[in-house]
Amino acid sequence: MSEFTVIDPATARPITTLQRAEVADVDAAVARAVAAQRGWAALAPGARADALRAFARVVEEHVEELAQLEVRNSGHPVGSARWEAGHVAQVLNYYSGAPERLMGAQIPVPGGLDVTFHEPYGVVGIIVPWNFPMTIASWGFAPALAAGNAVVLKPAELTPLTAVRLGELALEAGLPEGLFQVVVGSGTVVGQRFVSHPDVRKVVFTGSTEVGVSVAAGCAQLLKPVTLELGGKSANVVFEDADLVAAAAAVPGSVFDNAGQDCCARSRLLVQRSVYDRFLELLEPAVRDWRVGDPASEATDMGPLISAGHRDSVAAYLDGVDVAFRGSAPTGDGFWFAPAVVLAEPGDRVAREEIFGPVVAVLPFDDEADAIRLANDTVYGLAGSIWTENLGRAVRVSRAVKSGVLSVNSHSSVRYWTPFGGMKASGLGRELGPDAAEHFTETKNVFFATDRA
Ligand code: NAD
């Protein structure tokens, strides 16, 4: 096993060191998961529901601890981190309703009775990125466990601490040993072994499109189903008939939240030409008022970027571009980066690539058709917003934009009650919402002959 150091991105100081698991460790974890899953799936549905409710309660009792851990490991502002930890408990509570509701169908057929069952896959491997370590993990593990699977979870090396703690809390809550295991290590070793291990029967991957494609290709070799939640370059479309004051006030949260390290970041701001100048005037004070600083402070809107390397890659996007204005950021040892508003053309790199930092590209458009064309002028299709007071336009544009998660007069994307996921290069499959537990099952059809002589 090799050792690695976990860094606080707000100070660049080490927090702790952890061991990287090797292939043999993954294989041992999967073997334990296989054994645990048999007993879990054999439990009465109500007993699985109770166990998940108990897990949710223990997470609720540790919201503050988990939040503080995320502040240190990820630099998330404490208000956001509390929301994230609370969200994990809510997701667990929501899917604790699933074991008792995973209903099959009774299908009318001649000569007998036909029934479908939702059978768990067995062991599910979940691979998580560094940007929202707790919440994204829970979108996989809560419905997967509810459907009767065991879970092996690999957090990102940069941000493993809350996932490790959630693994401990699962045991404290009484979940069987081996049912939910957190395996810390590198993507190419641990993540790759989830893909190649024959007993991991489904993989959920959230991360970059490039790695997601290779994970899907590996899963195809074993005919293993895979859910992919990948990158984005989402559009925030502001029409001339919008409430411009509200739309401008919402922009910083839509793209600078989590320092822009958000797959749903509205990193392209499309503004109708007739209100373009006015909108930029309204936007400037909103960006200046966006408070970047100590993530432990309640008053902070945005913390640092996750690493020095990532800050370099974000900064490179500002080379030679037309920066309209910037917000502020602290100086000092953390990986700080002041938000930037860039005036762009559709072909510019800043308008095409996922930067994953607090940089928004502003582009003008002429009319509704032009807005739809520009919004769809990307390989991605994850999220997006449409600002208009015209109901017909809101319906037309939201149906025409090829994205999985859209909001009108809002920039919210994540509600655990509703499906989440991307089109095009942003992913495959959906998480959350009422059907997520079913996505962790295979349908079995059983025909009972009744017409035997
Ligand atoms: P990444 O693709 O580098 O890594 C994601 C995870 O995959 C990490 O745990 C990593 O260790 C692992 N990994 C790396 N190589 C692997 C391999 N060959 N096989 C198996 N696993 C491997 O992504 P990142 O930099 O951690 O996260 C940022 C990306 O995630 C962005 O593109 C962002 O848009 C995307 N993302 C998408 C969503 C969504 O829901 N659509 C949510 C959050 C982040």
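Numbers here are sequence positions counted from 1. Just so you know, ligand 1 is whichever comes first in the structure, and atom 1 is the first atom listed for that ligand.
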The side-chain contact (heavy atoms from CB on, under 4.5 Å) partner of I126 among V200, V182, V151, I136 is V151
The answer for which part of L382 has a heavy atom under 4.0 Å from ligand 1 is side chain
Note: F205, heavy atoms under 4.0 Å from ligand 1, region reported as side chain
Nearest heavy atom to atom 35 (C) of ligand 1, choosing from G207, G125, A156, belongs to G207
Restricting to heavy atoms, the pick from E157, E354, K154, K233 nearest atom 11 (O) of ligand 1 would be K154
Checking V341, V287, I355 against V360 for side-chain contact (heavy atoms from CB on, under 4.5 Å), the one that qualifies is V341
Should L230 be counted as touching ligand 1, given the test is an N or O pair under 3.5 Å? yes
S208 N/O to ligand 1 N/O under 3.5 Å: yes
Please confirm whether F180 and W40 have ring centers closer than 6.0 angstrom. no
- For ligand 1, is there an N or O atom under 3.5 Å from any N or O atom of W130? yes
N-O pairing of E64 and R82 below 4.0 Å: yes
Is it true that R288 and E284 have a side-chain N and a carboxylate O under 4.0 angstrom from each other?
yes
Query - Aromatic contact, F141 with Y95 (centres under 6.0 Å) - result: no
Atom 42 (C) of ligand 1 has as its nearest protein heavy atom C263 SG, 2.8 Å
Salt bridge E60-R57, side-chain N to carboxylate O under 4.0 Å: no
Looking only at protein heavy atoms, what sits closest to atom 8 (C) of ligand 1 is V128 O, 3.4 Å
So for F132 against ligand 1, with non-hydrogen atoms under 4.0 Å, the contacting part is neither
Within the 4.0 Å heavy-atom cut-off, what T206 brings close to ligand 1 is both
